[in-house]
Amino acid sequence: MLEKHTVAISDIRVPLKRKRTLCEDKVQKIAESILEEGQTTPIQLRPDGDGYVLIEGLHRLEALRVLGEDSVLAYFVRARLH
C-alpha cells in the first residue's frame, strides 16, 4: 500500500509538457473544494535528485499554490520502464 508523504511544493518540478494541460477554471474549482474539505487525494511524485517530478495531480498542486500552501500530500511512485 502506498504511504502518504508531506512534501514542500517548492521541491516539485512540473514537466513543461504537463504544464501545457493546465486549466485555470479547474484549478479554481479544486481550490474551492480544498478550502471546504481539505486535500482528499494525494498527488503522485517521482523522486528526482534533490527534489521530485510531478507524475499526477497538476490541478491539485496548482490549487494549493493559489491557496498559498507550502506543502502537499503525495504518494511516491516509480518511473515507468519502457
Side-chain angles (χ1 to χ4, degrees):
M1 180 161 206
L2 295 173
E3 256 183 68
K4 292 179 189 176
H5 299 272
T6 301
V7 176
I9 290 174
S10 60
D11 291 343
I12 301 171
R13 183 176 63 81
V14 179
L16 184 58
K17 186 176 179 181
R18 186 161 302 275
K19 279 184 185 179
R20 292 183 182 146
T21 66
L22 189 66
C23 173
E24 290 299 326
D25 289 339
K26 191 171 183 178
V27 169
Q28 289 302 319
K29 287 178 184 175
I30 292 172
E32 290 171 13
S33 173
I34 289 172
L35 280 174
E36 292 174 10
E37 303 170 25
Q39 182 188 351
T40 57
T41 307
I43 65 172
Q44 294 181 17
L45 302 174
R46 176 177 55 82
D48 183 48
D50 293 336
Y52 305 93
V53 175
L54 180 72
I55 302 299
E56 188 66 43
L58 174 63
H59 292 91
R60 284 172 274 161
L61 177 64
E62 293 304 321
L64 288 163
R65 281 185 212 218
V66 165
L67 293 172
E69 295 293 328
D70 295 328
S71 61
V72 60
L73 287 176
Y75 291 132
F76 295 158
V77 297
R78 292 182 182 196
R80 290 185 190 153
L81 300 176
H82 297 283

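Residue numbers count from 1 along this sequence.
- Counting only residues at least two apart or on different chains, no ring pair (Phe, Tyr, Trp, His ring centres under 6.0 Å) pair has a member in residues 15-44.
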Show me, pair by pair, the donor-acceptor contacts under 3.5 angstrom made by side chains of residues 55-76, not counting sequence neighbours?
residue: His59; atom: NE2; partner: Cys23; partner atom: N; Å: 3.0
residue: Arg60; atom: NH1; partner: Thr41; partner atom: O; Å: 3.1
residue: Arg60; atom: NH1; partner: Pro42; partner atom: O; Å: 2.7

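- In this structure, the separation between CG on Leu54 and CD1 on Ile9 is 11.0 Å, given to the nearest 0.5 Å.
- Residue Ile30 is grouped with residue Leu35 when hydrophobic side chains (ILVMFWY) are merged at heavy-atom distances under 4.5 angstrom, including chains of intermediate members.
- Applying the ring pair (Phe, Tyr, Trp, His ring centres under 6.0 Å) test to pairs two or more places apart or on separate chains, none has a residue in residues 17-45.
- Each salt bridge (Lys or Arg N to Asp or Glu O under 4.0 Å) pair with one or both residues in residues 6-15, not counting sequence neighbours, appears once here: Arg13-Asp48.
- Here salt bridge (Lys or Arg N to Asp or Glu O under 4.0 Å) pairs that include residues 15-38, with residues two or more places apart or in two chains, number zero.
- Taking 4.5 Å as the limit, every side-chain heavy atom of Val14 sits out of range of all side-chain heavy atoms of Leu22.
- Of all non-hydrogen atoms in Ile34 and Gln39, the two that sit nearest each other are CG2-N, 4.2 Å.
- Scanning all heavy atoms of the two residues, the minimum distance from Glu3 to His5 falls at O-CD2, 3.2 Å.
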